[in-house]
Amino acid sequence: MVKVKIGKGCLTDVKEDVLAIGVFEGMKIPKEFKEFTKEKTKRQFEGKLGQTYAITTLGKMPFKRLLLIGLGKEKEFNVDFMRRMAGTAVRYAEANKLPKLCISVLERKVCLPTDIIQALTEGSILAGYKFTQFKTKKEELFDVEDVHLVLGSHCPGAQEAVERGTVLAEAQNFVRDLNELPANIATPAYIADHAKKLAKKNRMAVKVLEKSDMKKMGMNAILAVNRGSTEPPKLVVLEYNKGKKLPLYAAVGKGITFDSGGISLKPSKGMEEMKYDKTGALVVLGIMKAVSELKLPIRLMGIMPLTENMPSGSAQKPGDIIKAFNGKTIEVINTDAEGRLILADALAYAAKQKPKAIIDLATLTGAVIVCLGRAGAGLMANDDKLARSIQDAGLKTYERVWRLPLWPDYTELMKSDFADLKNVSGVGEAGTITAAAFLKEFIGDAKWAHIDIAGVDLVNKPHPYYAKGATGIGVRLVTEALKNLSKKK
Ligand code: BES
Ligand code: ZN
Ligand code: ZN
């Protein structure tokens, strides 16, 4: 894992292998580098966003190479440019097998704002992540070890910003690492064991509800989804600051370790991506890790319902009617709409604890990708303040969310002729919202927000700080939202 440290103030002290500097479009390159930045450079490097230009220093500077990274137009600047810049620098160092990297921003005479320092830290650590567990030729792999941030003289809060960024990005990488594991390894039992390990390490309470407990408690929706699988289901409940006199929040995450669709089987093309259907639960685990390490002044319950969704002779069938944990009956029209079933029991369980608010995360619908593409997650909430705090957190972390309405019209669509509810509307419209309208039936009078992360759980094309595969998006977003909520009365 990349380690980020604060370097010494002066650029000429830099002993690292590469010095990366960010340059806005049309901005002058600092005079210490005049020697290298001839006319040719000016022609080839304009400072456009993401553009890079490397110059060998030929022993004239205390670092091997100077890497110019374009930051784009200054007036369009947002903090995520700093994550991307750090990511670009780390990727460059990696490609050139240079283990040490120094990052500087041009205006180093003034102190950088702490959120920029945090973003540079996050971008470095996120970009340094690779999933290599199953590669047997380790010699082909190269890791950048150290990233030094060159700041002005003494900057107040800089060290804390690096520490905060490190905790958040490492929690996110922890999620990515578990999420990459395929369903033959990351079974519900395997994830429950990891949750227990984390609980022990970070001194949190942990409880794992087994199949027998679910039967006794009437968690029949989770049990119904699990019926086709030979792997037993688990419901993991972690609690940070248990027993303390602090406001309680709950985070709930969909943990389908593999979604084949069940009897309503999915097409085989792309089905391997359904190993990522456990993202919500793992993001909750990452949030628990980050919140406990940042020591936020709240109590937090992390609830992770875990099971596979498989077809078999014992699997649930379209038309089956089940009774969820809160007593409501559900007609299962489509066994591929399984996430909302396991969340029904988990959300009802969360609501019973009477938290100040419940936030759930789930790779719930393909429809959210139709709606928002891969740029952001869908947000639905029954409380404006809670929604606002998540939207604001999204702007800060660049894990953006867009709010969709939850009008009663959608609830109407989820009523069944034979039971209280059906698990799909059948009209083929507003799929993301009707799924949320279904969930709303299980939260009682709690304040609640639902984040559909189906479009942002993985990336398939190059990104400045995410490698192909799991992103772990949601950890920084919800941790930031909880931090803000903990400050409000
Ligand atoms: N896990 C899927 C949603 C999903 C789809 C996530 C694509 C990531 C990428 C979910 O369980 C599902 O299958 N949803 C169905 C709902 C439908 C049956 C109403 C869907 O979106 O097609
Ligand atoms: Zn499904
Ligand atoms: Zn699913």
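Atoms within a ligand are numbered from 1 in the order they appear, just like the ligands themselves. For this chain, numbers begin at 1 and follow the sequence in order.
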What protein heavy atom sits nearest atom 2 (C) of ligand 1, and how far away is it?
Asp259 OD2, 3.6 Å
Quick check against the 3.5 Å criterion: does Asn484 have a side-chain atom that pairs as donor or acceptor with the backbone of Ser389?
no
Taking NZ, NE, NH1 and NH2 as the nitrogens, is one of them in Asp384 or Arg403 under 4.0 Å from a carboxylate oxygen of the other?
yes
Is any side-chain N of the basic residue among Glu170 and Lys3 closer than 4.0 Å to the acidic one's carboxylate O?
yes
Are the side chain of Asp360 and the backbone of Gly253 linked by a donor-acceptor contact shorter than 3.5 Å?
no
Which residue owns the protein heavy atom closest to atom 10 (C) of ligand 1, what's the atom, and how far is it?
Leu364 O, 3.3 Å
Would Arg400 and Tyr398 count as a cation-pi pair here, with the cationic atom under 6.0 angstrom from the ring centre and within 45° of the axis?
yes
Less than 4.0 angstrom from a charged side-chain N to a carboxylate O is my criterion; do Lys130 and Glu94 meet it?
yes
For the side chain of Asp277 and the backbone of Thr257, is there at least one donor-acceptor N/O pair under 3.5 Å apart?
no
Nearest non-hydrogen protein atom, atom 16 (C) of ligand 1:
Arg340 NH2, 3.8 Å
Nearest protein heavy atom to atom 15 (C) of ligand 1, by residue and atom, and its distance?
Asp336 O, 4.2 Å
Short check: is a protein heavy atom less than 4.0 Å from atom 13 (O) of ligand 1?
yes
Salt-bridged, Asp392 to Arg388, with N to O below 4.0 Å?
yes
Apex the Zn ion (ligand 2) - arms OE1 from Glu338 and OD2 from Asp259 - angle rounded to 10°:
100°
Any atoms of ligand 1 less than 4.0 Å from a non-hydrogen atom of Thr363? List them with their elements.
1 (N), 2 (C), 3 (C), 6 (C)
for atom 19 (C) of ligand 1, nearest protein heavy atom and its distance come out as Val424 CG1, 3.5 Å
As a check for students: among Lys278, Met274, Glu273, identify the option with a heavy atom nearest to atom 7 (C) of ligand 1.
Met274
Within the stated cut-off of 2.8 Å, is an N/O/S atom of Asp336 closer than that to the Zn ion (ligand 3)?
no
Could you tell me whether Glu412 and Lys415 have a side-chain N and a carboxylate O separated by less than 4.0 Å?
yes
How about Ile256: does one of its N, O or S atoms come closer than 2.8 Å to the Zn ion (ligand 3)?
no
For atom 18 (C) of ligand 1, what's the nearest protein heavy-atom neighbour? Residue, atom name and distance, please.
Asn334 ND2, 3.4 Å
Atom 1 (N) of ligand 1: which protein heavy atom is closest, and how many Å away?
Asp277 OD1, 2.9 Å
Taking the basic N atoms (NZ, or NE/NH1/NH2) and the acidic carboxylate oxygens, is any pair closer than 4.0 Å for Arg176 and Glu180?
no
Name the option, out of Ser260, Ala454, Gly366, Gly431, that contains the heavy atom nearest to atom 5 (C) of ligand 1.
Gly366
Just which atoms of ligand 1 are under 4.0 Å from any heavy atom in Glu338?
11 (O)
Considering only N, O or S atoms, which atom of Asp277 is nearest to the Zn ion (ligand 3)?
OD2
